[in-house]
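This one's a predicted model, so the numbers in the text were calculated from it and none came from an experiment.
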Amino acid sequence: MSDNSTTRLIQMYQEESEAPLFLSGFFRSPPQNFHSSEKVGIDIIRDDEDIAIVLTDLSVGARHNEATKYVNKEFAPPIFDEMIDVNAYKLVNRQAGQDPFMDPDFNAVALQEAFSGVRKLERKIRRSIELMCSQVLQTGAVTLTDAAGVGLYTLDYQAKATHKKMVDTTWAEDGSTGTPLADLAALARVVRRDGKQKPDRLLFGSSAMARFLANAKVQAALERDGIGLGQVTPVARGEGASFVGRIFIDNYWFEMWMYEGFYKDPVTGNMLDYISTNNIIMLSSAGRLDLSFGAIPLIGEPDPATMPYLPPRMSDSARGMDLTLNAWRTPDRKHLKVSAGTRPLPIPTAIDTFACLTTVHS
């Protein structure tokens, strides 16, 4: 019903909560990491810093070494499969941003709803991938639950206990207690000796960064900027992540990042940080971390009438993402259903090249 008032409909605003890719961005996804198999397998050859042992007599011959010894690891990835329902009855209603005096184009509106739904599902799955990567880097394990808190998927990569370290003395918020530089140097030596690579990245939770910068010895190290030993130059990079600067600690040259990315906990509904606020993740840029993706099995070819613009599978190595897409109509043509799924798995291939430090002693 219209009256004698007038209304100007300005451009629609749609709020979208972006899915952060900061932690998952440290995991590589080359083409061979995309598969259709039930499990993911990897052969691992270990090395150690052995030295050659001298011979006392040339006649005894060379010492024997085994160059091809390896172990095989197999993992079953978790399954994510999300769906939306486009209801034909709702297509007669005015959509957001639509001129109220124009008849709706049912097919066009349905296609728009389908595309919007796929983007929403992709962001949900990306957040779950980011959560798995955060768990791997902080605990060496993955635990996924439902809304009731029931564990649905668990995978423990058996990270060494020495790579999950709590400080002996809390780093005080005012900097009065704790030894940040010594604690980080000690952890760096553990990573270097176990992982055979020098760590060079520090990823701070928000409180851990504040406690770190409050310490007088840290401030002194950063003030030595004139000889290049430390500098704080914050730059925002990506959703929730900021590059803070660099610092030299006991023969280790670190990039410093702060990350405040968060997700909605399915159990409590509270917003939780991907990096626990008092934690610091220490990484080596030379350490290999893999992110693999398995397809969702489907039978036959998709109905071309329901997926005119959507490919059955979208794989992107550069962005580290893979989705199996599907769309179908109910027999009465009253519902269009669209699903997006994948079987992602972050694998800490070089598991000894990273560690996590908790800055509060409890």
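Nearest heavy-atom pair, F293 versus G320, reported as atom, atom and distance to 0.1 Å: CZ-O, 3.2 Å. Closest heavy-atom contact between A159 and T139: CB-O, 4.5 Å. Nearest heavy-atom pair across A221 and I247 is CB-CD1, 4.1 Å. The shortest non-hydrogen separation linking N279 to C356 is ND2-SG, 3.6 Å. Contact detail for K217 and L181: the closest heavy-atom pair is O-CD1, 3.7 Å.
Between E38 and R343, no side-chain nitrogen of the basic residue sits less than 4.0 Å from a carboxylate oxygen of the acidic one, so the salt-bridge criterion is not met. Here D174 does not pair with R211 in a salt bridge; the nearest charged N to carboxylate O distance is not below 4.0 Å.
Other residues, nucleotides and ligands contribute more than 12 heavy atoms inside 6.0 Å of the CG atom of L152. Applying the 6.0 Å contact sphere to CZ of R193 captures no more than 12 heavy atoms from other residues, nucleotides or ligands. Q32 CD: more than 12 foreign heavy atoms inside a 6.0 Å radius. Within 6.0 Å of NZ on K164 lie more than 12 heavy atoms contributed by other residues, nucleotides or ligands. No more than 12 heavy atoms of other residues, nucleotides or ligands sit less than 6.0 Å from atom CD1 of I79.
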- Begin with the C-alpha distance, continue with both residues' side-chain angles, and end with the deciding distance and a verdict on side-chain contact (heavy atoms from CB on, under 4.5 Å) for R319 and R126. CA-CA 11 Å; R319 296 173 64 232; R126 277 196 176 278; 3.2 Å; yes
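In this model, a donor atom of one side chain and an acceptor atom of the other lie less than 3.5 Å apart for D200 and S285. For the residue pair T169/T177, the side-chain donor-acceptor check at 3.5 Å is not satisfied. Using modelled atom types, one finds a donor on one side chain and an acceptor on the other under 3.5 Å when comparing D57 with S59. Judged purely by distance below 3.5 Å, without hydrogens or angles, the side chains of E130 and S24 pair a donor atom with an acceptor atom.
With a 4.5 Å cut-off on side-chain heavy atoms, K198 and W253 do not count as touching. Considering only heavy atoms from C-beta on, S242 stays 4.5 Å or farther from W257 through its side chain. Between N270 and Y263 the shortest side-chain heavy-atom distance does not fall below 4.5 Å. Contact of the I42 side chain with the T349 side chain is registered, since non-hydrogen atoms from C-beta on lie closer than 4.5 Å. Within the 4.5 Å cutoff, side-chain heavy atoms of F254 are placed close to those of L202. R201 places none of its side-chain heavy atoms less than 4.5 Å from the side chain of P199. The side-chain heavy atoms of I347 and L289, taken from C-beta on, include no pair separated by under 4.5 Å.
Once rounded to the nearest 0.5 Å, the distance linking CG of D273 with OG of S207 reads 10.0 Å. To the nearest 0.5 Å, the span separating CD on Q197 from OG1 on T353 amounts to 7.5 Å. Atom CD of E255 and atom CZ of F243 lie 5.0 Å apart (nearest 0.5 Å). One finds the CG atom of N33 at 4.5 Å from the CG atom of D290 (value rounded to the nearest 0.5 Å). Summarising the geometry, atom CE belonging to M256 is positioned 7.0 Å from atom CG belonging to L213; distances are rounded to the nearest 0.5 Å.
Under the side chain to side chain donor-acceptor pair (under 3.5 Å) criterion, Q219 pairs with no residue, sequence neighbours left out. Here A76 pairs with K39 under the side chain to side chain contact (heavy atoms under 4.5 Å, CB included) rule; sequence neighbours left out. Residues passing the side chain to side chain contact (heavy atoms under 4.5 Å, CB included) test with A148, sequence neighbours excluded: D146, V150. Every residue meeting the side chain to side chain contact (heavy atoms under 4.5 Å, CB included) condition with L121, not counting sequence neighbours, appears here in chain and number order: E82, I84, A340.
M209 and V360 are members of different hydrophobic clusters when ILVMFWY side chains are connected at heavy-atom separations under 4.5 Å.
Checking side-chain atoms of H361 against main-chain N and O of V167 turns up a donor-acceptor pair under 3.5 Å.
Legend: ring pair (Phe, Tyr, Trp, His ring centres under 6.0 Å) pairs involving residues 117-168, not counting sequence neighbours, sorted by first then second residue: F75-Y157. Legend: ring pair (Phe, Tyr, Trp, His ring centres under 6.0 Å) pairs involving residues 171-211, not counting sequence neighbours, sorted by first then second residue: F204-F212.
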